[in-house]
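Structure first, commentary second.
These values consider heavy atoms only, across backbone and side chains, with no hydrogens, waters or symmetry-generated copies. Naming convention: chains lettered A, B, ... in sequence-line order (proteins, then strands); numbering from 1 in each chain.
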Amino acid sequence: MKFGVIVFPGSNCDHDAFYAVANNLGQPAEFIWHDSTSLGDIDAVILPGGFSYGDYLRCGAIAKFSPVMQAVKKFAADGGLVLGVCNGFQILVESGLLPGALIRNRDLKFICRELRLSVATTDSPFTGAAQKDQVVRLPIAHGEGCYIADERTLDELEAEDRIAFRYIDNANGSMRDIAGILNKERNVMGLMPHPERVTEPLMGGTDGRLVFESMLRAAAVHA
Amino acid sequence: MSGTVAFSPEIIAQHQLTPGEYQKIVDILGREPSYTELGIFSVMWSEHCSYKSSRVHLKKLPTRGKLVVQGPGENAGIIDIGGGYVIAFKIESHNHPSFIEPFQGAATGVGGILRDIFTMGARPIAVLDSLRFGRLDDPETGARNRRILGGVVSGIAHYGNCFGVPTVGGETIFEPCYDGNPLVNVFALGVCRKEDVFYAKAAGVGNPVIYVGARTGRDGIHGASMASAEFTEESKQKRPNVQMGDPFMEKLLLEACLEAMQTGAIVGIQDMGAAGLTCSTCEMGSRGEVGIEIELDRVPQRATGMTPYEIMLSESQERMLLVADKGREDEVFRVFKKWGLEAVEIGIVTDDGKLRVRHHGEIVAEIPNRELADEAPLYDRPHTAPPAMPLAPAPRTTDAPTVHDALPLLLAAPDICSKHWIWEQYDFQVRTNTLTRPEQTDAAIVRVKETGTSVAMSLDGNGRYSRLSPREGAILAVAESCRNLSVVGAQPVAATNCLNFGNPERPEIMAQLVEAIEGMSDACRFFDTPITGGNVSLYNETLGDGIYPTPVIGIVGLMKTAAPVTVPFKNAGRAVMLLGGAGTCDETRFGGTQYAKEIDRQLWGLPPALDLEREKNVQAAIREIVAAGLAESAHDLSDGGLAVALAECSFGPAAIGAQLDIDSDLRPELLAFHEGPSRILISTSNPTEVSAIAQRYSVEAPVVGATIEGGMEIRQRGNTLGSWDIAAIRAAYEGALEANVR
């Protein structure tokens, strides 16, 4: 499975995502520069963490206007797998690919901490390799990760089984403990914690692998 | 140059130049300086840039070693780590700006040191901070200290997190002497291939001099001079002297510079830090023994109507100066354009050795680079003896608490308690090289993905010890730093230092500086950790009150990449061994401890006694024990001594504690809390093997107890001194700082 890792000015988890899929999962990967208008021959896109365009104005607000996001939108509309991690989740929300918003953490501070989460659905290409309610440990590192949406949207997400991960330790105040969500078509996921950081034992855990392994499995089924 | 006149003594004094220094300027130029030239000399000859009070003593430091690729004199020191790779690292202070404007002061401190690293061609992979503040619970100054702490921590977090460098460790200390003088010392380390190292040297007459990065504004003018004077009431008006940081711009600058370096079209490069355009031009010229001529009209400016004086002295952040190969400028410009950055040719390299500055075509400054950059006046300032402290404590007015009652108090003490409130605000994992989280190991460790080598780092300094004896305090800091590296299995290889002191014009303060440098010098020689660069911060005084002498050392060590040995006990039923033994201590050597600070509320006597040979043996032994995979956990004894170390080992996820029984004649509180060095607490399933290794190094290694579930206890020859429920004392340890910052 060939991964494309988007590089915005200010992305800083781009190398980490690349390393995780290329070295730890042994998949081909390439970087895609933010002013590219096409994604090339890739099978999945990762929007990595960081501070795209300095997070000026609002996290992800400027990235949504970059040329590459038009290509990402088209890729998603064609059914391609899109994973947005941390700032990538913020960009997906700003771009309208996912509902809701990510605002300042409850206590207004940046938090870097490993948290327990539960897999809220296995009916997705990002969680298919997991067990329902499986408890995983993933690190967060963000200042604006508090997920909010109106009641109707939240109800809809739940009714359509589109919440992918829930915090057991909700450190940022997210509504209904939401850590990651899917779009209606289930091929786009935004996730605040960093699965790419825990894909080898030396980094203190391998729970993040299940996201990438699920993607590989989904691709294998489709092929 | 036309229209130069002699300046009044007031103007000269405002520039913090003495009449003698002014005369030297006139002698160098053969005429009176212009106003712009006066400004240029004043920053380059400031204490901050010229080290004029410390340089004669800094020469005593060891700077050579077989792994040293670059020692002091460049933007950072460089060490060969094998496999074709090197690391670049250095520590810098940003004390004065952090007092005036904590958030921006600390943020730009991080920005400055990061530029020092990547200007050498190395990508930053780790930051550590050594921070000191006044007490948070002080009824008078507590509110201000809390504001400074909050601002400094969020400034570091803001800059480092956005830039994408993990902040992986450090230390945070609270003492009243830092009330008006917080210390913010930032260490950064980067990595690159050996052949990719760049130097801040101009060369090639006719080559273009190129300015890149942020535009020049009026911020930070005379920052370097501000950092070279004591604070007074007027200092509060110096807020415009503090620069503003933009970590996003810095991130772009990093990526663009590293990419531009790969073109092969760059000859030399230097960041614009203290003294901005002035420092980068004359230092690059001086190192390359060439001249540099620039036209200020071409300098990108964000304010209108800036004078040559302002442009040359601005300390606007996120700017670099580079010299490119003539004819290949476009390759450089293309890279900066890709990253959306301004890159402008502002001048050329000349053959006359002079810094020539034009404004609208007219020469406004013309100064020989070497005299300006390297021949600042040097002072061997008079030094007497460091101020003495009483050798014995004042009599106690109340009964001392028992060991049982004292431990929870110490665990909640500001210097000892968990600092997770601070380090969780830092992204300590970005770049996926960080092998442990802070407080899990005695040293921070990042791996170098390309080589299979990991770099361990520790920042250490103890103002209380140094106040009692600057010489011994500096030696103890080096020993502790090396010990911290050894505990994780790393071999210490090189060091960088940050010397924070008061006013060197006072002979007793100068004596502190001299003794600390000499102590540090001896210790670094002994442990074979040459100093490859560093920083001196003097005049840390507000309204005449100086700080404790605070030499901080940052030492780096190398180890094979592997899961490191961490502090917490892992399993019940393991033997607990005290490598180095219980040690000895008397009342005099107890006066600098955390117990003396928190329980007795005093400072007296001398720092803990150190036997260097024994220390070296203990370190060699623990490295071998760790390498052999014999230690399940390891933690050195430092602040708060044995009892605090035992508690810290018991605060792991499994809440495994230990029952210890110590064979010692010491008074109970000395036994439990003395801070004698050269001691390491380990748990092991193989005490026989550990003993055998210890014996080979002639190091005591008594089995002092065994690990147990849920509780911990210390006995002295069978008598219980204290027994504790882990959950209860852990709450005090983990919640204390957060309770204090609110």
*Region of B:T561 in contact with chain A, defined by heavy-atom distances below 4.5 Å*: side chain
*Any donor-acceptor N or O pair under 3.5 Å, side chains A:Y19, B:N433*: no
*Under 4.5 Å from any heavy atom of chain A - which part of B:L435*: both
*Hey, is CD on A:Q131 packed in by over 12 heavy atoms from elsewhere, all under 6.0 Å?*
no
*Who passes side-chain contact (heavy atoms from CB on, under 4.5 Å) against A:R113, sequence neighbours left out?*
A:I111, A:L115, A:A171, B:E424
_Need one label for B:K338: side chain, backbone, both or neither, based on atoms under 4.5 Å from any heavy atom in chain A._
both
*Once the angle between the rings of B:F248 and A:Y53 is folded into 0 to 90°, is it parallel (under 30°), tilted (30 to 60°) or perpendicular (over 60°)?*
tilted
*Considering only NZ, NE, NH1 and NH2 on the basic side and carboxylate oxygens on the acidic side, decide whether B:D427 and A:R197 come within less than 4.0 Å.*
yes
*Does A:Y56 OH have over 12 foreign heavy atoms under 6.0 Å away?*
yes
_Segment of B:A157 engaging chain A (4.5 angstrom heavy-atom cut-off)_ = neither
*Spacing of B:R431 atom CZ and A:D14 atom CG [to the nearest 0.5 Å]*: 8.0 Å
*About how many Å separate SG of A:C112 and CD of B:Q429, when rounded to the nearest 0.5 Å?*
4.5 Å
*Charged N to carboxylate O below 4.0 Å: is that the case for B:R447 and A:E200?*
yes
*Decide yes or no for B:W421 and A:K109: does some side-chain heavy atom of the first lie under 4.5 Å from some side-chain heavy atom of the second?*
yes
*Checking B:F428 against chain A: side chain, backbone, both or neither under 4.5 Å from a heavy atom?*
both
*How far does CD of B:E738 sit from CG of A:D107, to the nearest 0.5 angstrom?*
8.0 Å
_If you compare all heavy atoms of A:F51 against all heavy atoms of B:N161, which two are closest, and at what distance to 0.1 Å?_
CE1-O, 3.2 Å
_Residues, nucleotides or ligands: over 12 heavy atoms within 6.0 Å of A:K2 NZ_ = yes
*For B:K337, look at atom NZ and say whether over 12 heavy atoms of other residues, nucleotides or ligands are found less than 6.0 Å away.*
no
_Region of A:S11 in contact with chain B, defined by heavy-atom distances below 4.5 Å_ = backbone
*Rounded to the nearest 0.5 Å, what separation is found between the SG atom of B:C162 and the CG atom of A:N87?*
9.5 Å
*Select, from A:D55, A:D16, A:N23, A:L202, the one with the greatest count of heavy-atom pairs under 4.5 Å involving chain B.*
A:D16
